[in-house]
Amino acid sequence: MIKKSYTMKDVAKQAGVSVGTVSRVINHEQGIKKVTLEKVNKAIKELNYVPDNYARGMKTNRTETVALIVPTIWHPFFSEFAFYVEKELSQINYKLLLCNTDGFKKEVEYINMLQQNKVDGIIAITYSPIEDYLNSNIPFVSIDRSYGSKDIPWVSSDNFSGGQKAAQVLLENNCKNLLFVGSHNKTDNETKNRRNGFESFLKEKDVIPRVFDLEEPFDDFVRPLTSYLENHLDIDGIFAINDFTALDVIDILEKLGKKVPKDVQVIGYDGIKLANEKSYPISTIKQPLKEMAKEAVRILLSIIENEPHKLQVTLPISFIDGPTTKK
């Protein structure tokens, strides 16, 4: 049996009010009497009325949809962050549009599309030079990077403290010859502070680390890193800019006959897990993804509602003592 589909007119009749009043209730307008609000909501519930979100969006200029731009959904870090963003949005009845970019060109295409009033706002993890393509027409919150003179709010973990913590742990574990492994580009992003924090802490301890830090873009990362490690076999402690790089390092070390953590201790950054119920595959500096997602959504909604908001939020990291450092 097909259930009857009720209209706003049916709700108005059931509640004994005008169609305009029902519309005002659905669109959360102010100044509605409590008794009227209760009658309309009761009628909506009794009739199991589902509002036409498209028509509602046309009137309120809202889509109740937020876009999340990530470099690739294949990476567990981005996948987990997307999970928490969607969870936060669902609590306020917003939907998530996931944009998997895999490069600068597609990022620009998405931004141009999204700025044509297709979504109410954008949360983005991007390390490409997209600042010239951003304008003030749409609320935008950045993760892990700022945009110079543009007043774009951003949320990040405390990358500098993360680098310091990695250095501290390796020193406390009696590592003598330390190495930072990573890559960088010309954008002003927070991930660079991981190396800065690492070197800063070691400098205070009169320790000079070696550095393998390639400039992007590059065709091959593993081969030059392998060559570097072959020529520096005395290294016994490595901090990698992220967990995937740390896994590459471990794979190379094993091929060179080095045991982790017996011969070389390795710490990554991000706190990735291959599945929710799995343990951490490496020792790592964990980013508070759930809290970062919550802050990003909170700031974005404040912008959408024209309310005051912070331009920068930096959240504390934690160290996960995994299988690639000595206990």
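These numbers come from the heavy atoms of this one structure, side chains and all, not from hydrogens, waters or symmetry mates. Just so it is clear, the structure is predicted and the values come from calculations on it, not from any experiment.
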> Got a sec: does the NZ of Lys13 have more than 12 other heavy atoms crowding it under 6.0 Å?
Replying inline: no

> With side chains defined as the heavy atoms from C-beta onward, is the minimum distance between Phe319 and Asp321 less than 4.5 Å?
Replying inline: yes

>> What I want to check is whether the side chains of Thr325 and Asn173 have a donor and an acceptor closer together than 3.5 Å.
In response: no

> Is Tyr94 close to Leu300 at the side-chain level, that is, under 4.5 Å between some pair of heavy atoms?
Replying inline: no

> How far apart are the C-alpha atoms of Val119 and Val66, what are their side-chain angles, what is the distance that settles it, and do they pass the side chain to side chain contact (heavy atoms under 4.5 Å, CB included) test?
Replying inline: CA-CA 6 Å; Val119 294; Val66 166; 6.0 Å; no

>> Walk me through whether Glu215 and Lys186 qualify under side chain to side chain contact (heavy atoms under 4.5 Å, CB included).
In response: CA-CA 8 Å; Glu215 183 172 338; Lys186 294 180 180 179; 3.2 Å; yes

>> Are Met292 and Ile303 connected into the same hydrophobic cluster when the rule is that any two of I, L, V, M, F, W, Y join if their side-chain heavy atoms are below 4.5 Å apart?
In response: yes

> Can you name the nearest heavy-atom pair linking Pro261 to Pro323, along with the distance?
Replying inline: CD-O, 3.5 Å

> With the 4.5 Å side-chain cut-off for hydrophobic clustering, are Ile285 and Val155 part of the same group?
Replying inline: no

>> As an exercise, state the distance from OG1 of Thr226 to CG of Asn231, rounded to the nearest 0.5 Å.
In response: 11.0 Å

>> Tell me the closest heavy-atom pair linking Thr21 and Ser18, and the distance in Å.
In response: OG1-OG, 3.0 Å

>> Is the shortest side-chain heavy-atom distance between Tyr269 and Ser157 below 4.5 Å?
In response: yes

>> Could you tell me if the side chain of His184 sits less than 4.5 Å from the side chain of Glu216, heavy atoms only?
In response: no

> Does a side-chain N-to-carboxylate-O contact under 4.0 Å join Lys176 and Asp236?
Replying inline: no

>> Membership question, hydrophobic clusters at under 4.5 Å side-chain separation (ILVMFWY): are Ile267 and Leu253 in the same one?
In response: no

> Would Leu171 and Leu178 satisfy side chain to side chain contact (heavy atoms under 4.5 Å, CB included), going step by step from the backbone distance to the final call?
Replying inline: CA-CA 9 Å; Leu171 285 184; Leu178 303 179; 3.9 Å; yes

>> Taking side chain to side chain donor-acceptor pair (under 3.5 Å) as the cut-off, I'd like each qualifying pair that reaches into residues 310-320, sequence neighbours left out, listed once.
In response: Gln312-Thr314

>> To the nearest 0.5 Å, what is the distance between CG on Leu97 and CG on Asp120?
In response: 11.5 Å

Using residues 194-202 as the side-chain source, report each donor-acceptor pair under 3.5 Å to any protein atom, sequence neighbours left out, with the distance given to one decimal.
residue: Arg194; atom: NE; partner: Asn159; partner atom: OD1; Å: 2.6
residue: Arg194; atom: NH1; partner: Ile241; partner atom: O; Å: 2.6
residue: Arg194; atom: NH2; partner: Asn159; partner atom: OD1; Å: 3.2
residue: Arg195; atom: NE; partner: Glu199; partner atom: OE1; Å: 3.2
residue: Arg195; atom: NH1; partner: Asp213; partner atom: OD2; Å: 2.8
residue: Asn196; atom: ND2; partner: Lys192; partner atom: O; Å: 3.4
residue: Asn196; atom: ND2; partner: Asn193; partner atom: OD1; Å: 3.0

>> I'd like to know if the side chain of Thr284 and the backbone of Gly271 have a donor-acceptor N/O pair within less than 3.5 Å.
In response: yes

>> If I compare all heavy atoms of His309 with all of Ser302, which pair ends up nearest, and what's the gap?
In response: CB-CB, 3.9 Å

> Quick one: does Thr324's side chain have a donor or acceptor within less than 3.5 Å of a partner on Ile282's backbone?
Replying inline: no

>> Has Lys327 got a side-chain atom pairing as donor or acceptor with Gly322's backbone, closer than 3.5 angstrom?
In response: yes

>> For Lys294, is there an ion pair with Glu291 - N to carboxylate O distance below 4.0 angstrom?
In response: no

>> Is it the case that over 12 heavy atoms from other parts of the model lie below 6.0 angstrom from the CD1 atom of Ile208?
In response: no

>> Are the side chains of Leu229 and Ile238 in contact, using a 4.5 Å heavy-atom criterion?
In response: yes

> Hey, does Leu289 have a side-chain heavy atom less than 4.5 Å from the side chain of Phe77?
Replying inline: yes

> Would you say the side chain of Asn41 lies within less than 4.5 Å of the side chain of Ile44, judging by non-hydrogen atoms?
Replying inline: yes

> Where do Val141 and Ala296 come nearest, in terms of heavy atoms and distance?
Replying inline: CG2-O, 3.9 Å

> Would you say the side-chain atoms of Lys258 pair up with the backbone N or O of Leu233, donor to acceptor, closer than 3.5 Å?
Replying inline: yes

> For residues 161-172, which residue pairs qualify under side chain to side chain donor-acceptor pair (under 3.5 Å), counting only residues two or more places apart or in two chains?
Replying inline: Asp158-Ser161, Gln168-Glu172

> What about Tyr228 and Val260, same hydrophobic cluster or not, with Ile/Leu/Val/Met/Phe/Trp/Tyr joined at side-chain heavy-atom distances under 4.5 Å?
Replying inline: yes

>> Please give me the minimum heavy-atom distance between Ile235 and Val264, naming the atom from each residue.
In response: O-CG2, 3.4 Å

>> Treating Asp144 as the side-chain partner and Ser156 as the backbone partner, does any N or O pair qualify as donor plus acceptor under 3.5 Å?
In response: no

> Distance from His232 atom NE2 to Leu179 atom CG, nearest 0.5 Å?
Replying inline: 8.5 Å

>> Would you compute the distance between atom CZ of Phe244 and atom CD1 of Ile272 and round it to the nearest 0.5 angstrom?
In response: 4.5 Å

>> Are Leu247 and Phe239 connected into the same hydrophobic cluster when the rule is that any two of I, L, V, M, F, W, Y join if their side-chain heavy atoms are below 4.5 Å apart?
In response: no

> Would the Phe212 and Phe221 ring centres measure less than 6.0 Å apart?
Replying inline: yes

> How close do Ala82 and Ile73 get, heavy atom to heavy atom, and via which atoms?
Replying inline: CB-CD1, 4.4 Å

> Rounded to the nearest 0.5 Å, how far does CD1 of Ile143 lie from CD of Glu190?
Replying inline: 11.5 Å

> Say you draw a straight line from CD of Gln287 to CZ of Phe81; how long is it, rounded to the nearest 0.5 Å?
Replying inline: 9.5 Å

>> With heavy-atom distances below 4.5 Å as the criterion, would you say the side chains of His75 and Asp270 are in contact?
In response: yes

